[in-house]
Amino acid sequence: MDVTGAAVLVVVLLVATLAGLVLRSRSGRLRPSGDDGGAPAVAGPGWELAGTEPDGRRALLLQLSSPVCAPCRQTARVLGDLAAADPGVAHVEVDVAERVDVARALGVLRTPTTVVFDARGAEVLRVSGVPRTDELVAALPTG
């Protein structure tokens, strides 16, 4: 191997490592959606996309998953446990392979992604990767 080939290999490895570290640091972190300075949120399509109704619940955890995604199973457990412990929270898992329309409507490019909607269906926040339970609980709509 010549010096140029070795240099290219080292650069590619460094870039790949850096990209992996950036993605890893962002995984599971909450990203609030469109905070417009306190203006009232308009109704959104959240509950309709999930194929369910609010029925008095204050939050919907819409999980977008794919069949071969190991973190998706862990996310489903976390969100399912959270919804089971709090009757004001609903959890719906959508397989993006079967419901491409939902992923497209929400602009989701990675699984697992969890989009949280309030009682009116407006997006409140989203998480890519396995959510951190304590942060998610603290960020859920209260009423």
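As the structure is a prediction and not an experimental result, all values here were calculated from the model.
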What is the distance from atom CZ of Arg99 to atom CD of Glu93, rounded to the nearest 0.5 Å? 13.0 Å
For the CG atom of Asp95 and the CG atom of Leu64, what is their distance to the nearest 0.5 Å? 9.5 Å
If every non-hydrogen atom of Val130 is compared with every non-hydrogen atom of Pro71, which pair is closest and at what distance? CG2-O, 3.7 Å
Name the one of Val100, Val102, Val108 that satisfies side chain to side chain contact (heavy atoms under 4.5 Å, CB included) with Arg104? Val100
So, do Leu61 and Leu140 sit near enough that their side-chain heavy atoms are less than 4.5 Å apart? yes
Could you measure the distance from the SG atom of Cys69 to the CD atom of Gln74? Nearest 0.5 Å is fine. 10.0 Å
Apply side-chain contact (heavy atoms from CB on, under 4.5 Å) to Thr75 and Thr113, showing your working. CA-CA 9 Å; Thr75 299; Thr113 294; over 6 Å; no
Should Phe117 and Val96 be regarded as members of a common hydrophobic cluster, given that ILVMFWY residues are connected when their side-chain heavy atoms come within less than 4.5 Å of each other, either directly or indirectly? yes
Decide yes or no for Leu125 and Leu136: does some side-chain heavy atom of the first lie under 4.5 Å from some side-chain heavy atom of the second? yes
Same apolar cluster (I L V M F W Y, side chains within < 4.5 Å links), Val94/Leu109: no
Residues Arg57 and Gly88: closest non-hydrogen pair is CB-O, 3.3 Å
Expected output: side-chain Gln63 to main-chain Cys72 donor-acceptor under 3.5 Å: yes
Linking I/L/V/M/F/W/Y whenever any side-chain heavy atoms sit under 4.5 Å apart, do Val124 and Leu60 land together? no
Group every Ile, Leu, Val, Met, Phe, Trp and Tyr by side-chain heavy-atom contacts under 4.5 Å, then state whether Leu49 and Trp47 land in the same group. yes
Same cluster for Leu82 and Val92 if Ile/Leu/Val/Met/Phe/Trp/Tyr side chains link at under 4.5 Å? no
Heavy atoms only: give me the nearest Pro141-Val116 pair and the separation to one decimal. CD-CG1, 4.2 Å
Say whether, by atom type as modelled, one donor and one acceptor occur between the side chain of Arg126 and the main chain of Leu106 under 3.5 angstrom. yes
Search all heavy atoms of Leu79 against all heavy atoms of Pro131 and return the closest pair with its distance. CD2-CG, 4.0 Å
Of all heavy-atom pairs linking Arg110 and Ser128, the shortest is NH1-CB, 3.5 Å
Donor-acceptor check, side chain of Arg58 to backbone of Pro54, threshold 3.5 angstrom: yes or no? no
